[in-house]
S.K.: 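Attaching a single structure in structure tokens format; questions to follow.
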Amino acid sequence: MLFDSHSHMYSVKFDNDREEVFKRIKEAGVEYVLNAGADLETSMRAIECAHKYDMFYASVGCHPHDVKDLDEETLLLFKGLAKKPKVCAIGEIGLDYYYDHSPRDLQQHWFRRQIQLAHEVSMPIIIHDRDANDDTLKILKEEKAFELGVLMHCFSGSAELARQYIHLGAKISIAGPVTFKNAKKIIEVVETVPIEHLLVETDAPYLTPEPFRGKRNESAYVRYTAEKVAEIKKIPFEETARITCANAKSFFKIK
Ligand code: NI
């Protein structure tokens, strides 16, 4: 039993073969998939998917790339979406100083406002942090985000940073890059973090794990990431799948 803790399976990239792709998810032993919203439109698509298919759950929020277009009125719409059935987190939200698609002061402002929204609706948050480790941690602390539950999606920081996060009560989600031949830092993270604090994800259609690296990613491939985690932690695959699935269910409060 597997839980893909972060995916975008509502993407237009699956429009031509969605039903086949969704069938493969089940066949791969993946029981649950969290579809993360990245703006208003994709948040609504994630909810639609969750209402149509049993295995899907949704999160709603605005990705740092797109906060340049965000305003208070739209934030209220996100609040309304957060109350829909099967929506179990606010995200993905955070900071991205690698691409800087939105100005950094706006990224920080809307990151704070969306954490405040999560407080209003009492929901955990899913964090995107790319090349912004210091500011992300600072804002999370200042906004008392760890009271809500914090999931570090596609974690790419050091083992030391991962240690700090789990000490604060956050969970770490491991994505496809752990399977890459040149992976080193993320393998150290998996070695360091106890399995009780680890989740696995695809971030499909992006970040495809080996042996499919370079192709379109899909939730079924979370299996390869979980297999790699099992190998690094020297824990049988079935147990790794069971524990990471239980961790995700508990984080998202899914019964
Ligand atoms: Ni994502």
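Excluded from the calculations below are hydrogen atoms, water molecules and symmetry mates; all remaining heavy atoms, backbone and side chain alike, are included.
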S.K.: R113 and Q116: side-chain donor and acceptor closer than 3.5 Å?
M.R.: yes
S.K.: Strictly by modelled atom types, are D4 and T202 linked by a side-chain donor-acceptor pair under 3.5 Å?
M.R.: yes
S.K.: Flag the pair K138 and D134 as a salt bridge only when some basic side-chain nitrogen lies within less than 4.0 angstrom of an acidic carboxylate oxygen.
M.R.: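 No salt bridge links K138 with D134.
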S.K.: Does E27 form a salt bridge (charged side-chain N to carboxylate O under 4.0 Å, His left out) with R24? I'd like the steps, not just the answer.
M.R.: CA-CA 5 Å; E27 286 165 2; R24 281 202 290 272; over 6 Å; no
S.K.: Any salt bridge linking R163 with E160? Criterion: basic side-chain nitrogen under 4.0 Å from a carboxylate oxygen.
M.R.: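 Salt bridge flag = yes for E160 with R163.
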S.K.: Between R112 and E142, is the closest basic N to carboxylate O distance under 4.0 Å?
M.R.: yes
S.K.: Mind checking what makes side chain to side chain donor-acceptor pair (under 3.5 Å) contact with S250, not counting sequence neighbours?
M.R.: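 With sequence neighbours excluded, S250 shows a side chain to side chain donor-acceptor pair (under 3.5 Å) to no residue whatsoever.
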S.K.: How far apart are the C-alpha atoms of Y10 and H8, what are their side-chain angles, what is the distance that settles it, and do they pass the side-chain hydrogen bond (donor to acceptor under 3.5 Å, both in side chains) test?
M.R.: CA-CA 5 Å; Y10 52 72; H8 306 273; 2.8 Å; yes
S.K.: Would R242 and E238 pass as an ion pair if we require N to O under 4.0 Å?
M.R.: no
S.K.: Can you list everything that forms a salt bridge (charged side-chain N to carboxylate O under 4.0 Å, His left out) with K171? Sequence neighbours excluded, please.
M.R.: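 Per chain and number, K171 pairs via salt bridge (charged side-chain N to carboxylate O under 4.0 Å, His left out) with no residue.
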S.K.: Any salt bridge between K23 and E20, counting N to O under 4.0 Å?
M.R.: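 Here K23 does not pair with E20 in a salt bridge, since their nearest N and O are not under 4.0 Å apart.
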S.K.: Can D71 and T74 be counted as having a side-chain donor-acceptor contact under 3.5 angstrom?
M.R.: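 There is such a pair between these side chains.
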S.K.: For F22 and Y53, I'd like to know if the aromatic rings sit close, meaning centre-to-centre distance below 6.0 Å.
M.R.: yes
S.K.: Do D96 and H128 have side-chain N/O donor and acceptor atoms under 3.5 Å apart?
M.R.: yes
S.K.: Measure the CZ-NZ distance between R213 and K181 for me, rounded to the nearest 0.5 Å.
M.R.: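 The NZ atom of K181 is 8.5 Å from CZ of R213, to the nearest 0.5 Å.
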S.K.: Would you give the length of the straight line joining atom OG of S5 to atom CG of L151, rounded to the nearest 0.5 angstrom?
M.R.: 5.5 Å
